[in-house]
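Accompanying notes for the structure given below.
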Amino acid sequence: MELLWVANAILLLVVAPLILLIAGRVVKRLRAISKLTDTTLEHGLALSGQLEAVPKLLETKRLTGAARQLVGRYGAGLVALL
Amino acid sequence: MGSETVALLVIVGVIVAAIALHLIIIAASLRKITSTLTKVRGGVQAIKGQTDPVGSVIVGIAGDVAAIDDDLEGLLQIVGDAQAAAEPPPPPQPARRTQPARRTSPPPAAVAVVEEVEVDFDEDDEDDDEPVVARPSMREAVARARAGV
């Protein structure tokens with residue numbers, strides 16, 4: 001009978017606080033991870049918004065190609081004039 | 001059943017309840033994290049799809065710009081050579097009236113003599129006294145533009 005009381009005391013004074021402590025730490029880390037993922041999602045959305053101008057690079061490439069041809073034509077015309 | 005047994009069962013029940021509560025909280029947090037990470041993965045894949053052609057496009061633009069630069073350098077050389085080869089324009093000579101060709105017909109009885117008088121229409125303009133500032137050549141202008149002056 002006394003052993004049961006000792007076991008009860010150990011459960012109540014050692015095991016229960018230990019379980020609460022470890023579980024609390026796990027929950028705390030999980031909440032930090034959740035905050036980090038939220039921040040990552042927020043910045044990812046902001047980054048995606050900044051990439052809206054990337055398709056304009058195709059137009060820029062087309063324009064630089066046209067400018068290259070026009071410079072060639074201009075040079076040929078200038079050489080013919082001189 | 002003794003009181004110590006009841007106390008044991010109560011304590012074990014409380015511990016199990018605490019563990020269950022924490023497991024429920026952990027599961028909810030993991031579910032939320034999974035949802036957020038799924039969105040992040042979709043966003044990253046979208047970003048990858050958006051930025052896939054950037055490398056080739058940038059390389060193409062750089063090639064075009066380099067070719068344009070080379071062509072313009074060649075043009076600059078050609079124009080500079082032509083500018084150096086061109087003779088400076090002769091200063092304007094005062095116009096002289098030339099004698100009209102003699103005609104077979106008899107000359108007129110009276111010949112009016114016309115004298116040329118230079119009229120300065122810009123009497124107030126005093127730029128004639130200022131020194132002439134030499135205009136920079138095209139090469140100098142390009143060099144200045146590239147230097148950011």
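Lettering follows sequence order; numbering is per chain, from 1. From a predicted model like this one, the values you see are computed outputs, not experimental measurements.
For B:Leu8, the parts lying under 4.5 angstrom from a heavy atom of chain A are both the backbone and the side chain. In this structure, chain B has heavy atoms under 4.5 Å from both the backbone and the side chain of A:Leu57. Using a 4.5 Å cut-off between heavy atoms, B:Lys39 touches chain A through backbone and side chain atoms alike. With a threshold of 4.5 angstrom between heavy atoms, B:Ala7 approaches chain A through its backbone and through its side chain. For chain B, the nearby parts of A:Leu51 are the backbone and the side chain; heavy atoms of each come within less than 4.5 Å.
Using non-hydrogen atoms only and a strict 4.5 Å limit, the part of residues 20-29 of chain B facing chain A consists of B:His22, B:Ile25, B:Ile26, B:Ser29. Proximity to chain A at a heavy-atom threshold of 4.5 Å picks out B:Ile11, B:Val12, B:Ile15, B:Ala18 from residues 11-18 of chain B, in numerical order.
Exactly one residue among B:Asp52, B:Ile47, B:Val54 makes a side chain to side chain contact (heavy atoms under 4.5 Å, CB included) with A:Val54. That residue is B:Val54.
Counting non-hydrogen atoms of neighbouring residues, nucleotides and ligands closer than 6.0 angstrom, the CD atom of A:Glu2 reaches no more than 12 such neighbours.
To the nearest 0.5 Å, atoms NZ (A:Lys35) and OG1 (B:Thr36) are separated by 13.5 Å. Between the CD1 atom of A:Ile19 and the CD1 atom of B:Ile19 there is a distance of 3.5 Å, given to the nearest 0.5 Å.
Under the 4.5 Å side-chain heavy-atom criterion for grouping Ile, Leu, Val, Met, Phe, Trp and Tyr, B:Ile78 is connected to A:Val71 within one hydrophobic cluster. Hydrophobic clustering places A:Val79 together with A:Tyr74 (ILVMFWY residues linked when any side-chain heavy atoms are closer than 4.5 Å, directly or through intermediates). B:Leu30 is not connected to A:Leu41 by any chain of hydrophobic side-chain contacts under 4.5 Å among Ile, Leu, Val, Met, Phe, Trp and Tyr, and they are in different clusters. Cluster membership check: A:Ile22 does not share its hydrophobic cluster with A:Val15, using side-chain heavy-atom separations under 4.5 Å among Ile, Leu, Val, Met, Phe, Trp and Tyr. Follow the hydrophobic side-chain contacts under 4.5 Å out from A:Trp5 and you never reach A:Leu12; the two are in separate clusters.
Note on B:Ile58, B:Asp64, B:Val40: by heavy-atom pairs under 4.5 Å with chain A, the leading option is B:Asp64.
Residues B:Gln50 and A:Ser48 are in side-chain contact: their nearest non-hydrogen atoms beyond the backbone lie under 4.5 Å apart. Between A:Asp38 and B:Lys32, some side-chain heavy-atom pair lies under the 4.5 Å cut-off.
Contact detail for A:Ala67 and B:Ile68: the closest heavy-atom pair is CB-CD1, 3.8 Å. Of all the heavy atoms in A:Thr37 and B:Ile33, the pair that sits closest is CG2-CG2, 4.1 Å. Residues A:Arg68 and B:Ala67 approach most closely at NE-CB, 3.2 Å, considering heavy atoms.
Listed for the A:Asn8 side chain is a donor-acceptor partner under 3.5 Å among the backbone atoms of B:Glu4.
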